[in-house]
Amino acid sequence: MSPAAPELLAGLREILGADGILTADADCARYLSDHRRLYQGRARAVLRPRTVAEVVRLLALCNAQRVGVVPQGGNTSYCGGATPDESGQQVVLSLERLNRIRSVDAANYSLIAEAGCVLAQVQRAAADAQRFFPLSLGSEGSCQIGGNLSTNAGGTAVLRYGMMRELVLGLEVVLADGRVLESLSALRKDNTGYDIKSLFLGAEGTLGVITAASLKLFAAPRAHATALVAIPDVQAAVTLLGQLREVSGDAVTSFELMPRVAIELAVRHLEGVSDPLARPYPWYVLCELSAARAAALGGVLEEALAAALGAGTVLDAALARSERERAALWHLREHIPEAQRREGAGFKHDIAVPVAALPQFVARAGAWLDAHVPDGRLVAYGHVGDGNLHFNVSARPDAVRTEFLARAEDVRRAIHDLVHEFGGSVSAEHGIGRLKVGELERYAAPLELELMRAVKRAFDPHGIMNPGKVLRQE
Ligand code: 2HG
Ligand code: ZN
């Protein structure tokens with residue numbers, strides 16, 4: 001912990017109360033490094049407001065004293081977006097105690113949640129009202145809705161329900177100077193000028209602090225048809241996706257691609273996980289259809305898979321016959337990042353290209369890796385229904401760790417340049433944070449960057465909001 005100006009801490013303590021501000025090293029430690037341990041920051045203090053009024057006062061004070069404020073939710077960022085820098089001059093603003101579900105409106109299919117609500121808590125609140133909140137991520141038991149909003153989170157149900165941005169009706173935001181943007185409307189139709197609230201979605205706390213959101217709910221799907229499907233190649237995944245969407249009337253909720261190596265890593269490193277199919281295959285898709293009633297799904301999945309088996313698009317399939325089997329398939333998929341972590345050194349690339357271009361992209365990027373990274377293995381998996389792959393590379397067991405890691409930058413450049421050539425995105429769902437500031441500068445159009453900087457200046461003229469994230473300070 002850095003020595004802080006005593007008057008700043010006294011002012012913050014006066015606003016937050018003794019239990020609302022942490023300064024001891026042991027108390028602060030978990031807020032100062034990121035989920036992937038890429039960064040180790042320092043801070044003057046960790047602030048834990050309980051009310052919006054406290055957020056208002058603390059931001060006004062930090063703005064007046066030009067103190068950088070780093071908003072933090074469940075601290076599950078993949079890009080270091082919620083970690084303070086090493087200067088020891090910033091404060092972390094944890095939203096974890098601002099965690100009430102303010103209201104649920106079943107008739108309007110909406111609810112209002114505070115930023116610190118854990119995603120699973122929002123899902124439960126919707127379910128308690130016989131409704132459904134569809135955002136679904138591996139970290140849903142710890143990530144917070146404010147972080148989901150600020151990173152425009154994606155996950156495994158985007159194909160059907162869209163990303164976080166599409167699940168928002170309104171926001172409450174405290175601006176850098178402490179003014180509150182009250183835009184918590186639950187209206188579905190509101191064409192009154194610029195859509196200011198949408199600027200905060202994906203802004204990663206660089207424009208203001210989201211304190212609450214009005215979220216869209218849906219009818220709860222009571223029936224699921226889930227299968228792990230073996231396929232010969234990535235093209236088969238794209239073909240099968242098109243067919244399933246067509247025959248099911250767009251009831252495909254998830255369509256997750258996995259290579260053989262991902263299954264092997266999961267079986268090797270995760271307790272209780274076994275290969276769902278008797279033989280190994282090159283690629284797999286975990287696909288799920290959902291509907292309000294089982295009758296609506298009929299045997300659509302079985303029939304479509306049988307036809308695809310005949311056509312050679314599908315090589316084999318394991319259908320989930322019970323909720324337990326379904327959960328086991330999802331457990332396998334959701335723990336692939338953990339299995340990959342346990343395997344050892346690796347590189348991550350959260351990329352997207354148009355769905356139809358995925359086979360060609362994987363072929364070209366895969367060939368580049370074969371030629372340049374012989375000590376690495378491609379572990380490309382993810383939300384192929386959205387064109388989003390986690391184009392990750394794991395070191396082979398016999399790789400020399402330091403030599404492998406030394407090539408991270410070359411690999412990233414080659415993969416991202418190719419993504420750019422395909423008209424894709426170098427951050428499909430994980431955001432920019434601190435990790436990809438340079439990538440944004442490199443690949444965004446100059447006019448886009450100019451406009452982003454203008455927006456930043458308009459909302460945060462003193463640059464106190466999450467400094468150094470998303471955009472470099474000018
Ligand atoms: C997932 O889809 C997450 O499992 C994590 O977005 C991806 O660890 C990754 O690269
Ligand atoms: Zn993902």
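Along the sequence shown, residues carry numbers from 1. The figures that follow rest on heavy atoms only: side chains count, while hydrogens, waters and symmetry mates do not. Because the structure is predicted, anything quoted here is derived from the model rather than measured. Whatever order the structure lists them in is the order used to number ligands and atoms, beginning at 1.
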Decide, yes or no, whether a salt bridge links Glu441 with Arg453 under the criterion of side-chain N to carboxylate O below 4.0 Å. yes
Take the angle between the ring planes of His372 and Trp368 and call it parallel below 30°, perpendicular above 60°, tilted in between. parallel
Please determine which of Arg260, His390, Glu343, Gln340 meets the side chain to side chain contact (heavy atoms under 4.5 Å, CB included) test together with Val379. Gln340
Please work out which of the three classes, parallel, tilted or perpendicular, describes the rings of Phe422 and Phe361, given edges at 30° and 60°. perpendicular
Decide, yes or no, whether a salt bridge links Glu288 with Arg333 under the criterion of side-chain N to carboxylate O below 4.0 Å. no
Under 3.5 Å, is there a donor-acceptor pair between the side chain of Lys436 and the main chain of Val426? yes
Once you measure the plane-to-plane angle for Phe404 and Phe347, does it fall in the parallel (<30°), tilted (30-60°) or perpendicular (>60°) bin? parallel
Students should find this: residues with any non-hydrogen atom under 4.0 Å from ligand 1. What is the answer? Tyr78, Arg333, Pro337, Lys348, Tyr381, His383, His390, Asn392, Glu429, His430
Run through the protein N/O/S atoms less than 2.8 Å from the Zn ion (ligand 2) and write them out by chain and number. His383 NE2, His390 NE2, Glu429 OE2
Using a strict cut-off of less than 4.0 Å between a Lys/Arg side-chain nitrogen and an Asp/Glu carboxylate oxygen, indicate whether Glu439 and Arg442 qualify as a salt bridge. no
Any ion pair linking Asp375 and Arg407 (charged N to carboxylate O, less than 4.0 Å)? yes
